[in-house]
Amino acid sequence: MRYPRLALYGAAVAFVWSTSVLALDARVTGIDGEPADNIRHYLASMTAGDYSRDRLTHDIKQRAAKALKAYGYYLPSFQVVLEGKPDVERARIEVSPGKPVIIQHLEVSIEGEARDDKTFTQALEAFPLHEGDPLRHAPYEGLRSRLSTLALQRGYFDATFTRHRIEVRPWQNSARIYLTFDSGPRYRFGDIRFSGSQIDQERLVNLLPFATGEPYLADSLAEYNQRLGQTGWFRSIGVRPQIERTQPVALAHRGWWEAVDHRPAGGEAAVSGSEPLLSADAIVAARGVGTEGPPRVPVDVSVIPADRHQFEIGVGYATDVGPRTQFSWKQPWINADGDSLDHALYLSAPEQTFSGTYTMPLENPRRDSYELQYGLKNQDNKDTRSLEASVELARRWTFDNDWTQRVFVHATYEDFRQANQKGQVLLYYPGVSWSRTRTRNPRFPTWGDRQRLSLAASDTVWGSDASFLRATLDSQWIRSLGSDYRFIGRTSLGAMTTPDFDKIPPSLRFFTGGDRSVRGYAYESLAPTNADGDLVGGQQLFVASVEAQRRLTGNWWGAAFVDTGNAFNTWWPQDLATGAGLGIRWVSPVGPIRLDIAHPFDDKESSWRLHFAIGPEF
């Protein structure tokens, strides 16, 4: 049985090979540019073996003529030469296009309320055809499509083309274009109806980017959908305009905003599933019979609550801390007000942390909230021993420019030993921070930046065990050149002034060195030392880094970098520790995996240090 099957397979291969050999190879002369490309496009689907020689010649001329009409050539002539015997291997088409048809009369207008809509007037102003120009069909069809799309996006659901024709007179070498678009009235947003929500309706209303009675805009529905998604309250979200209609209009299907339920006036939904999508030829809209003022579009908002308890486990490794594990428990909503609760447990050899955040959204849940943070942290790293308990109450604002401001009051109790200094301190300090993170392609950003500025102050006047003023600034940038080059720059600055440095716990002192600061040096190994050479930490910090990456192949990248920085007590540092090296990056399904080898120029005891980490830069 094997041989017949092989014979059948060979025959099939021979057949495919023979038909591909006979596929038409068309060579066009006499005209170039877009018209010639369009002829080749029209002929690309032809297979020479499917035609007799006479029929092939006839169809080539027909298709070429149709291709040229799109560019205004209505009276072309062709000379077709078929090469190859007995099978046609190629065709040479000599084109005499003749004169293009010239637009002698152009009448394009908009009627109805859209006549005063700037978006529609801009579409007309951008129309590239004018009287005296050669006729081209694509801009005409593009304008029709553009006006149809704008009507759907901006709520002109009664719109129609009262005139839409092109009159071509080849014998006079002339064309006339007539296009009249009657938009009818612009619909307004009607009642907003909610279903399925476990959150108080008032919260959802506060997120609306539009109000009942405002002009309809599909972008507003998309923005509302996005806002609801950003809350984390819902697993599924549907924001759909409900249009009752009685008369059809000719509009093109263009996007998701056309997904409306087909409802007879005053009736129940007539169809479901994929059928509610507007067709390419028609949309039905109510004429507002029996109502006063502009017609309105009710909006149905249907949601499905997110899972109340969400768990996540992460495992990683870095040379700074060795193996690390993180367990998170998130409750995206715990009551009808939309309050949320997050807990995280982080475990590594030098550090173990348990933390939680209780978030209470305010009138604008997406931008304004109170946050209650609490945590326990144990650290045992080189010359540092610390057990810390903290609680923080913060007011959070997110502005239109994506900057987030937090005003907080922080309380921390820390039992610590840093080198030969020991202490048990209770600190109360207010502060403020501003931060912003922007990124594209979060798994492996090709563009992004992260900024954070924080200020905090403590004083014994209000019962704190130490007085200090502390400020930090972190900035990181990612930019790309084409698709194969990527550049990363970052800097960190820190400064603290205090008369009670011996009472300042390790969590507020400055240290640097390691995978995410100065490579080539061990984790937090750079800081001022005492007479015994033990690290005591610093009151100032400076770190800077520049890294260039180049794609090697696929998801593999090479990297070269230079890092410099130190922690110190007197500004400016006498010595900056500098490390440089090479690395490799693999963009894995779980994020980038980074392997670096760095040389520390200021550490005589170590010539090279290996750094390994998993996860994006930010």
Side-chain angles (χ1 to χ4, degrees), residues 19-84 87-108 123-149 161 163-179 250-254 280-281:
T19 55
S20 64
V21 168
L22 296 177
L24 185 64
D25 176 14
R27 300 182 182 180
V28 180
T29 59
I31 194 171
D32 54 16
E34 293 182 356
D37 292 339
N38 206 36
I39 292 176
R40 297 186 188 96
H41 172 73
Y42 268 74
L43 301 181
S45 61
M46 299 185 70
T47 303
D50 295 340
Y51 302 84
S52 66
R53 298 180 79 91
D54 289 342
R55 177 64 182 274
L56 181 60
T57 300
H58 176 268
D59 282 11
I60 288 174
K61 291 180 178 181
Q62 267 197 336
R63 294 194 182 201
K66 188 175 181 180
L68 287 178
K69 284 183 179 180
Y71 293 90
Y73 296 100
Y74 274 75
L75 295 174
S77 60
F78 307 95
Q79 292 292 328
V80 178
V81 177
L82 303 179
E83 299 179 351
D87 299 322
V88 176
E89 297 177 0
R90 68 182 58 86
R92 290 190 291 107
I93 302 100
E94 176 67 31
V95 180
S96 297
K99 294 182 179 180
V101 170
I102 302 301
I103 301 172
Q104 288 192 348
H105 182 75
L106 178 63
E107 189 174 327
V108 179
L124 289 190
E125 291 170 358
F127 186 54
L129 297 182
H130 303 87
E131 292 183 357
D133 291 345
L135 173 64
R136 288 182 293 135
H137 288 259
Y140 171 81
E141 296 298 335
L143 179 60
R144 287 190 61 187
S145 177
R146 178 62 177 158
L147 296 178
S148 298
T149 300
F161 291 100
R163 287 194 303 173
H164 54 93
R165 70 179 187 273
I166 299 178
E167 297 178 358
V168 179
R169 302 176 182 178
W171 61 91
Q172 293 182 350
N173 198 39
S174 67
R176 291 167 172 79
I177 297 178
Y178 302 93
L179 184 65
L251 292 175
H253 179 80
R254 283 295 177 269
D281 301 320

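One is the number of the first residue; the rest follow in order along the sequence.
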### Task
Check whether the ring centres of His105 and Tyr178 lie less than 6.0 Å apart, and answer yes or no.
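Aromatic pair counts; centres sit under 6.0 Å.
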Please round to the nearest 0.5 Å and tell me the distance separating atom [atom1] of [X] and atom [atom2] of [Y].
| X | Y | atom1 | atom2 | answer |
| --- | --- | --- | --- | --- |
| Ile103 | Arg176 | CD1 | CZ | 11.5 Å |
| Lys61 | Gln79 | NZ | CD | 6.5 Å |
| Asp54 | Thr57 | CG | OG1 | 6.5 Å |
| Ile177 | His130 | CD1 | NE2 | 11.0 Å |
| Glu83 | Arg90 | CD | CZ | 5.5 Å |
| Leu82 | Arg53 | CG | CZ | 5.5 Å |

Notebook entry, point to check: Taking it one step at a time, do Val95 and Thr29 satisfy side-chain contact (heavy atoms from CB on, under 4.5 Å)?
Noted result: CA-CA 6 Å; Val95 180; Thr29 59; over 6 Å; no
Restricting to non-hydrogen atoms, name the atom on [X] and the atom on [Y] that form the minimum distance, rounded to 0.1 Å.
| X | Y | answer |
| --- | --- | --- |
| His137 | Tyr74 | NE2-OH, 2.7 Å |
| Pro100 | Pro134 | CB-CB, 4.1 Å |
| Arg146 | Ala123 | CG-CB, 4.1 Å |
| Asn173 | Lys99 | OD1-O, 3.5 Å |
| Leu129 | Leu106 | O-CD2, 3.3 Å |
| Ala175 | Leu135 | CB-CD2, 4.0 Å |

Check for a donor-acceptor pair, side chain of Ser52 on one end and backbone N or O of Arg55 on the other, with a separation under 3.5 Å.
->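 A pair under 3.5 Å: yes.
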Any side-chain heavy-atom pair from [X] and [Y] closer than 4.5 angstrom?
| X | Y | result |
| --- | --- | --- |
| Ser174 | Ile102 | no |
| Leu143 | Ser145 | no |
| Ser148 | Phe161 | yes |

- [ ] Any chance you could lay out the side-chain contact (heavy atoms from CB on, under 4.5 Å) test for Met46 and Leu56, step after step, and finish with the verdict?
- [x] CA-CA 9 Å; Met46 299 185 70; Leu56 181 60; 3.6 Å; yes
Check the pair Arg144 / Leu179 against side-chain contact (heavy atoms from CB on, under 4.5 Å), numbers first and verdict last.
CA-CA 8 Å; Arg144 287 190 61 187; Leu179 184 65; 3.9 Å; yes
Problem set entry | side-chain contact (heavy atoms from CB on, under 4.5 Å) between Leu68 and Phe78, worked out | CA-CA 12 Å; Leu68 287 178; Phe78 307 95; 3.9 Å; yes
Determine whether more than 12 heavy atoms belonging to other residues, nucleotides or ligands lie under 6.0 Å from atom CZ of Arg165.
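Yes, CZ of Arg165 has more than 12 neighbouring heavy atoms, counting only those of other groups under 6.0 Å.
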Does atom CD (Glu107) have a neighbourhood of more than 12 heavy atoms from anything else shown, all under 6.0 Å?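 Yes, CD of Glu107 has more than 12 neighbouring heavy atoms, counting only those of other groups under 6.0 Å.
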Name each donor-acceptor pair under 3.5 Å that joins a side chain in residues 31-42 to protein atoms two or more places apart or in another chain, with its distance.
unit_1, atom_1, unit_2, atom_2, d
Asp37, OD1, Arg40, NH1, 2.9
Asn38, ND2, Ala67, O, 2.9

Residue pair Arg63 / Ser45, side-chain donor-acceptor N/O under 3.5 Å: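 Side chains of Arg63 and Ser45: pair found under 3.5 Å.
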